[in-house]
Amino acid sequence: MPIRKGGVSVDLQQQPISALKGVGPRVAEKLAARGLATLQDLWLQLPRQYEDRTALTPIGLLKPGVAAQVEGRVEAVERGFRYRPMLRVAIGDDSHGTLVLRFFQFRAAQVAQFQVGARVRCYGTPRPGKQGLEIVHPSYRLIDDGGDDALGSSLDPVYPAIEGLGPVSLRRLIAQALDRLPAEEALELLPRQLRDGLPSLREALLTVHRPPQDADVALLLAGRHPAQGRLAVGGLLPHHLGLPRRGLAHPGHAAPVLRATALADTLRQRLPFALTGAQQRVFEQIRADLARPHPMLRLVQGDVGSGKTVVAALAAMCAVEVGQEAALLAPTELLAEQHLNNLRGWFEPMGVRVAWLAGKVTGKARAKVLEEVASGEAQVVVGTHALMQEGVAFHDLALAIVDEQHRFGVHQRLALRDKGTGGNGNGDAIVPHQLVMTATPIPRTLAMAAYADLDVSAIDELPPGRTPVQTVALSAERRPELVERIRKACAEGRQAYWVCTLIDDSDEVVAQAAQSTFEDLCKRLPEVRVGLVHGRMKAAEKQATMRAFKDGAIGLLVATTVIEVGVDVPNASLMVIENAERLGLAQLHQLRGRVGRGSAASSCVLLYQAPLSQMARQRLETMRETNDGFVIAEKDLELRGPGELLGTRQTGLAQFRVADLARDADLLPQVHEKGGEVLRESPDLAERIVARWVGGAVRFAAA
Ligand code: ADP
Ligand code: MG
């Protein structure tokens with residue numbers, strides 16, 4: 001139902017772009033390919049640049065590298081064909097300067113226009129050329145004497161290019177959409193708490209798309225103009241309001257109080273190692289959370305190998321001790337199985353029963369597990385997504401632990417939370433505490449953006465005795481040397497990974513690449529047992545190979561990034577990552593974390609295809625410089641933006657169109673604080689804001 005306010009249907013913004021003039025099915029399709037479907041999408045398609053055509057710069061005052069608009073008369077025209085067609089047009093003005101306009105592609109009609117004496121107005125960035133400054137392919141127009149020579153009155157927006165649609169057409173479409181912007185009072189939803197000092201939405205959109213002549217261009221280009229601030233707040237708020245949360249929106253949620261710690265203490269004493277200071281600190285934080293009658297929602301970040309599992313195990317003991325259950329959910333079967341083995345090793349000698357539920361547990365075995373889970377006989381349940389399916393009922397689930405959370409969506413975490421039990425007699429729903437673990441450290445700001453109210457702990461210390469991984473970047477031409485290195489490592493009884501990656505390609509193509517690398521390495525290393533795992537293999541086959549690698553029966557494992565998460569093979573001390581330049585930092589770091597888990601000195605070789613882009617060079621450089629996941633995460637955010645760090649699609653971050661987390665992070669605390677007020681004081685408004693900007697993409701807070 002459209003919300004009507006001030007007589008204007010707010011739904012106007014949801015009108016399809018095809019309602020605009022000049023938008024046929026083909027154009028609509030091209031726009032849709034870039035996620036632009038409604039008028040609102042066009043309003044929020046913000047310029048990436050501005051061109052200042054409001055003034056003319058005398059040619060004599062042009063500076064190399066500084067874009068400007070100039071006007072002059074044609075002084076000379078030269079056509080050349082020596083290497084390729086070329087047209088050079090020299091123009092001059094009263095400032096006694098000369099500027100060369102250079103074209104490599106041009107039509108005869110264009111050449112005919114440039115008669116000596118003709119008046120040309122053009123815009124572009126001058127660069128030093130053979131004869132003074134020149135502009136290559138400027139945008140230009142000829143002005144008839146006595147014709148329209150008015151200067152622009154606002155800066156010209158330059159929009160991100162859309163394939164198959166010229167910049168002029170795109171600009172016209174956006175202008176048309178802006179002409180249909182509703183009146184201020186119909187458009188404005190930003191709660192007064194956040195409006196302070198900011199322009200209205202209408203004004204902000206108009207300023208950003210059509211900056212007035214006196215607008216502070218430097219601020220605009222830096223993304224720091226108040227109009228952009230308004231849009232960023234408007235972009236962050238609905239996301240924030242739409243996030244699942246514990247307290248505020250759910251005064252009716254309670255959690256089991258888990259106060260006893262005798263079992264956890266016993267487990268601690270039985271461990272073959274002492275906890276690190278960081279593990280102890282984080283466990284203390286969790287223990288304090290569990291002792292309160294409110295659901296915990298805590299993210300534990302810890303670099304690969306920092307020992308998160310044992311902290312989770314200690315927390316699970318707090319549930320077991322009071323006769324309730326804990327569940328541990330992992331994103332892959334392999335990883336879940338690894339947890340199962342660890343937990344069984346720790347728990348069963350203490351008489352604690354651990355059950356296993358994965359997709360492959362079927363038939364009678366499954367029925368039996370479900371029964372144990374439902375009766376509470378299984379005190380700890382380890383598994384994969386299978387745990388979240390309907391039909392899995394827990395007896396009295398007190399703690400849900402989710403490992404490597406970035407692989408799961410918010411919805412999935414909620415599904416597990418919803419497996420909590422009944423009520424507490426006061427009409428409050430009792431939900432389990434949630435512990436979320438990740439080895440992909442999330443910068444604080446990003447964590448705030450991804451979770452409404454989340455406590456974050458960091459295990460920022462590795463267990464003693466680890467040797468840092470040595471990382472080198474090598475051009476792919478040096479592959480033969482590497483093969484020799486692997487031969488040597490395997491001869492010494494060590495193991496190696498060879499990771500094949502091809503980002504942006506289908507599973508199929510990557511699997512093929514892995515297959516041919518596998519065959520090639522088998523040929524070159526006849527004395528080494530080589531294994532292969534990729535996403536196209538059957539799960540059983542994949543696992544058999546992984547197990548053989550874990551057991552040491554395989555010396556070299558050729559794999560796609562399926563091995564990325566959590567697998568622990570301490571004897572593996574060499575990792576080669578092919579096409580490393582194409583991977584993001586977080587993923588490289590995750591992969592590298594597979595080595596350096598034992599006491600042997602480990603190394604990671606990043607093979608790249610030259611030439612490297614600036615971005616790729618910086619990433620490889622960062623990988624060589626640091627092993628610290630937190631530093632890497634910050635750098636990743638800086639280089640790449642929030643995108644995949646959080647698993648964009650799943651968390652709904654794709655909804656950030658106008659806010660840029662790397663840039664607008666400083667707005668978050670305010671949005672959180674004021675957003676909380678809005679939820680408390682005007683839940684209706686909150687709901688409308690979410691419905692308008694986020695739509696069905698994120699469950700509203702009531703989820
Ligand atoms: P991650 O944080 O990557 O999940 P794990 O929990 O798999 O790390 O731990 C990695 C390895 O370190 C495991 O073999 C684990 O038993 C071991 N470990 C954990 N804590 C300690 C510690 N305090 N001292 C020594 N080894 C530890
Ligand atoms: Mg782990």
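Just follow the structure's listing: the first ligand is 1, and inside any ligand the first atom is 1.
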For ligand 1, find out whether one of its N or O atoms is nearer than 3.5 Å to an N or O atom of Trp346.
no

Honestly, for Thr276 the part within reach of ligand 1 (heavy atoms, under 4.0 Å) is both

Logged contact type for Gln279 with ligand 1, heavy-atom cut-off 4.0 Å, is side chain

Enumerated ligand 1 atoms positioned under 4.0 Å from heavy atoms of Ser306:
2 (O), 8 (O)

Determine whether a donor-acceptor pair (N or O, by modelled atom type, separation under 3.5 Å) exists between the side chain of Gln434 and the backbone of Arg298.
no

Pick one of side chain, backbone, both or neither for how Ala274 approaches ligand 1, counting any non-hydrogen atom pair under 4.0 Å.
backbone

Indicate whether the side chain of Gln301 and that of Lys308 have a donor and an acceptor atom separated by less than 3.5 Å.
no

Lys/Arg N to Asp/Glu carboxylate O, Glu333 vs Lys542, below 4.0 Å:
no

Within the structure, does Gly305 bring an N/O atom to less than 3.5 angstrom of an N/O atom in ligand 1?
yes

Those atoms of ligand 1 less than 4.0 Å from some heavy atom in Thr309:
4 (O), 5 (P), 6 (O), 7 (O)

Salt-bridge criterion met for Glu284 and Arg281 (N-O under 4.0 Å)
no

Tell me whether Glu337 is salt-bridged to Lys360, with the criterion being a basic N under 4.0 Å from an acidic carboxylate O.
yes

Relative to the heavy atoms of Leu275, which atoms of ligand 1 are at a distance of less than 4.0 Å?
23 (N)

Counting heavy atoms only, which of His339, Lys308, Gln280 is nearest atom 2 (O) of ligand 1?
Lys308

Candidate list Leu328, Val381, Val373, test side-chain contact (heavy atoms from CB on, under 4.5 Å), partner Leu387, passing option
Val381

Give a yes or no on whether a salt bridge exists between Lys368 and Glu372, defined as a side-chain N under 4.0 angstrom from a carboxylate O.
yes

For ligand 1, which atoms, with element, lie under 4.0 Å from some heavy atom of Gly307?
1 (P), 2 (O), 5 (P), 6 (O), 8 (O), 9 (O), 19 (C)

